[in-house]
Amino acid sequence: MLSRKKRLSSEYTMLSILEYLYNNSQMVPVSKFNIVTKTPGIKRQRPDRVNIMMDLLLSNGYLKLQKTTNTTLYQITEKGITEYTKWIKKFLEFARTAYE
């Protein structure tokens with residue numbers, strides 16, 4: 001058996017972030033700190049990679065941001081909710097079972 005380092009793709013990480021937002025930010029936006037520290041499996045991602053993924057999600061309309069005087073908060077959009085329930089949830093379930 002080959003020993004493989006368990007490294008997640010950028011796409012998987014991005015979809016995991018969207019899943020966290022689906023589960024935690026439909027009513028109340030959350031901070032990037034919460035996203036980075038509470039999204040399962042991405043705690044070891046470099047901050048610049050997370051920023052790139054968040055920017056991609058924003059530019060594609062899957063999430064929106066709210067700037068306050070102290071911080072920037074993120075919330076999933078209706079488009080993000082639709083795509084998550086349509087195919088992202090099933091993809092993540094498949095990917096997770098493949099790594100068990």
Side-chain angles (χ1 to χ4, degrees):
M1 181 188 270
L2 294 175
S3 174
R4 280 195 278 171
K5 218 178 200 184
K6 195 171 184 181
R7 182 175 174 177
L8 304 174
S9 70
S10 296
E11 295 81 9
Y12 178 87
T13 302
M14 187 181 330
L15 297 177
S16 294
I17 291 170
L18 197 61
E19 178 180 55
Y20 175 80
L21 291 170
Y22 176 83
N23 290 325
N24 298 286
S25 80
Q26 288 190 43
M27 299 298 177
V28 179
V30 296
S31 70
K32 189 181 291 184
F33 176 80
N34 281 356
I35 294 167
V36 171
T37 58
K38 296 183 179 181
T39 301
I42 73 160
K43 292 179 183 170
R44 288 189 248 162
Q45 289 289 339
R46 293 188 339 242
D48 60 322
R49 283 184 55 145
V50 172
N51 288 338
I52 291 168
M53 292 173 221
M54 297 290 289
D55 289 344
L56 286 170
L57 289 168
L58 274 166
S59 67
N60 285 299
Y62 293 114
L63 59 100
K64 61 185 174 182
L65 57 88
Q66 294 180 5
K67 292 191 179 222
T68 67
T69 53
N70 297 331
T71 190
T72 301
L73 302 172
Y74 297 86
Q75 190 168 18
I76 194 167
T77 63
E78 197 59 44
K79 180 180 179 181
I81 291 169
T82 300
E83 293 302 317
Y84 178 78
T85 57
K86 188 181 201 180
W87 67 273
I88 294 169
K89 180 179 180 181
K90 291 194 183 297
F91 172 81
L92 289 170
E93 288 170 356
F94 169 79
R96 289 175 180 139
T97 58
Y99 279 105
E100 287 182 349

field: For the student: nearest non-hydrogen atoms of Tyr74 and Leu21, plus distance
entry: O-CD2, 4.2 Å
query: Do Met14 and Leu57 have side-chain heavy atoms sitting under 4.5 Å apart?
result: yes
- request: Determine whether more than 12 heavy atoms belonging to other residues, nucleotides or ligands lie under 6.0 Å from atom NZ of Lys79.
  value: yes
field: Short side-chain to backbone donor-acceptor contact, Thr68 and Thr71, under 3.5 Å
entry: yes
message: To check you understand the geometry: which heavy-atom pair defines the closest contact between Leu92 and Leu15, and what is its length?
response: CD1-O, 3.6 Å
- request: To the nearest 0.5 angstrom, please state how far the OG atom of Ser10 sits from the CD1 atom of Ile52.
  value: 8.0 Å
- prompt: Is it true that a side-chain atom of Gln75 and a backbone atom of Leu63 form a donor plus acceptor pair closer than 3.5 Å?
  reply: no
- line: Here the pair of heavy atoms bringing Pro29 nearest to Leu73 is CB-CB, 3.6 Å
- request: Over all heavy atoms of both residues, which pair between Asn24 and Val30 is shortest? Give the atoms and the distance, please.
  value: O-CG1, 3.7 Å
query: So is Lys89 actually on top of Tyr84's ring, under 6.0 Å and inside 45° of the axis?
result: no
field: Asp48: partners by side-chain hydrogen bond (donor to acceptor under 3.5 Å, both in side chains), with sequence neighbours left out
entry: Arg46
field: Arg49 versus Thr13, side-chain donor and acceptor atoms under 3.5 Å
entry: no
field: Expected output: side-chain Thr77 to main-chain Tyr62 donor-acceptor under 3.5 Å
entry: yes
task: With sequence neighbours excluded, give me every salt bridge (charged side-chain N to carboxylate O under 4.0 Å, His left out) pair touching residues 11-32.
output: Glu19-Arg96
- request: Without swapping roles, check the side chain of Thr39 against the backbone of Val36 for a donor-acceptor pair under 3.5 Å.
  value: no
- prompt: What heavy-atom pair brings Gln26 and Ile76 nearest, and what distance separates the two atoms?
  reply: CG-CG2, 3.8 Å
